[in-house]
Amino acid sequence: MSFGETPITVIGNLTADPELKFTEGGAALAKFTIAATPRTYDKASGQWKDGTATFFRCAAWRQLAEHAADSLTKGARVVAHGRIRQHDWKTDQGENRSMLVMEVDEIGASLRFTTVTINAKRPAQSAPAAGDDAWKTDAPANKPEGDEPPF
């Protein structure tokens, strides 16, 4: 992590299966959303109550992206660590838009409510490709639809 970046760890559930894509340069990119919902115990009713969910748009790159897409599914409780990045773009109408996205460096299943089996194989590491910048704000490779960002 570089100086000045905003580190974050999020614990929550995937809202859908990770979406795996590949850049023109061949780098894998997994996009997914984590919903983090606080729960509090209400002594009066003797029940747990859900608070307001916060949704984190996330991106994982290369080998991590492929592993996440192969391993995680909708509803899975995960622990993800990474950094917050701002993504800026213009709509077709010329309006400026911006959103925060979590660039994930590590992700795994939470063992709080379930068990998992780990397949611990360690493939060769690959270096990041210079031209694969998820947060590049000039002309997107694929034109976004409507006001949706090209993320």
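The figures here come from the full heavy-atom set of this structure, side chains too, leaving out hydrogens, waters and symmetry mates.
When all heavy atoms of K90 and G94 are compared, the closest pair comes out as NZ-O, 3.9 Å. Taking all atoms of both residues into account, the shortest heavy-atom contact from L64 to I107 is CD1-CG2, 3.8 Å. Taking every heavy atom of both residues into account, P18 and F32 meet most closely at CA-CB, 4.0 Å. Residue V101 comes nearest to A59 through the heavy atom pair CG1-N, 4.4 Å, listed as atom of the first residue, atom of the second, then distance. Contact detail for A65 and A30: the closest heavy-atom pair is CB-N, 3.4 Å. Taking both residues in full, the closest heavy atoms of G46 and Y41 are given as CA-OH, 3.3 Å, listed atom of the first, atom of the second, then distance.
With hydrogens and angles ignored, the 3.5 Å screen pairs a side-chain donor or acceptor of D17 with a backbone N or O of K74.
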* Please assess N13 against R77 for the test side-chain contact (heavy atoms from CB on, under 4.5 Å), listing each intermediate value before the final yes or no. => CA-CA 4 Å; N13 298 80; R77 185 169 178 84; 3.7 Å; yes
* **Evaluation steps, side-chain contact (heavy atoms from CB on, under 4.5 Å), between F56 and V104** => CA-CA 11 Å; F56 294 88; V104 177; over 6 Å; no
* To do: Starting from the C-alpha separation in whole Å, work towards a yes-or-no answer on side-chain contact (heavy atoms from CB on, under 4.5 Å) for F22 and L29.
  => CA-CA 6 Å; F22 291 87; L29 168 63; over 6 Å; no
* **Criterion side-chain contact (heavy atoms from CB on, under 4.5 Å) on M102 and I8, from CA distance to verdict** => CA-CA 8 Å; M102 179 179 177; I8 185 171; 3.9 Å; yes
* **Derivation of the salt bridge (Lys or Arg N to Asp or Glu O under 4.0 Å) call for R97 and D88** => CA-CA 6 Å; R97 294 281 191 252; D88 301 312; over 6 Å; no
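F55 places a side-chain heavy atom less than 4.5 Å from the side chain of T15. Residues W89 and M99 form a side-chain contact, since some pair of their non-hydrogen atoms from C-beta on lies under 4.5 Å apart. The shortest side-chain heavy-atom distance between T23 and W61 falls under the 4.5 Å cut-off. Residues S98 and Q86 form a side-chain contact, since some pair of their non-hydrogen atoms from C-beta on lies under 4.5 Å apart. Annotation: side chain of V78 is in contact with side chain of L14 (closest heavy-atom distance under 4.5 Å).
Under a 4.0 Å N-O distance rule, the pair D50/R39 qualifies as a salt bridge.
Taking CD1 of I11 as the reference point, atom CD1 of I34 lies at 10.0 Å (rounded to 0.5 Å). In this structure, NE2 on H81 lies 8.0 Å from CD on E106, to the nearest 0.5 angstrom.
Scored by the salt bridge (charged side-chain N to carboxylate O under 4.0 Å, His left out) test, E19 finds K21 as partners (sequence neighbours excluded).
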Let me have the donor-acceptor pairs involving side chains of residues 108-118, under 3.5 Å, with sequence neighbours excluded, atom names and distances please.
{"unit_1": "S110", "atom_1": "OG", "unit_2": "R112", "atom_2": "N", "d": "3.3"}

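The same ILVMFWY cluster, assembled from side-chain heavy atoms under 4.5 Å apart, contains both I84 and V10.
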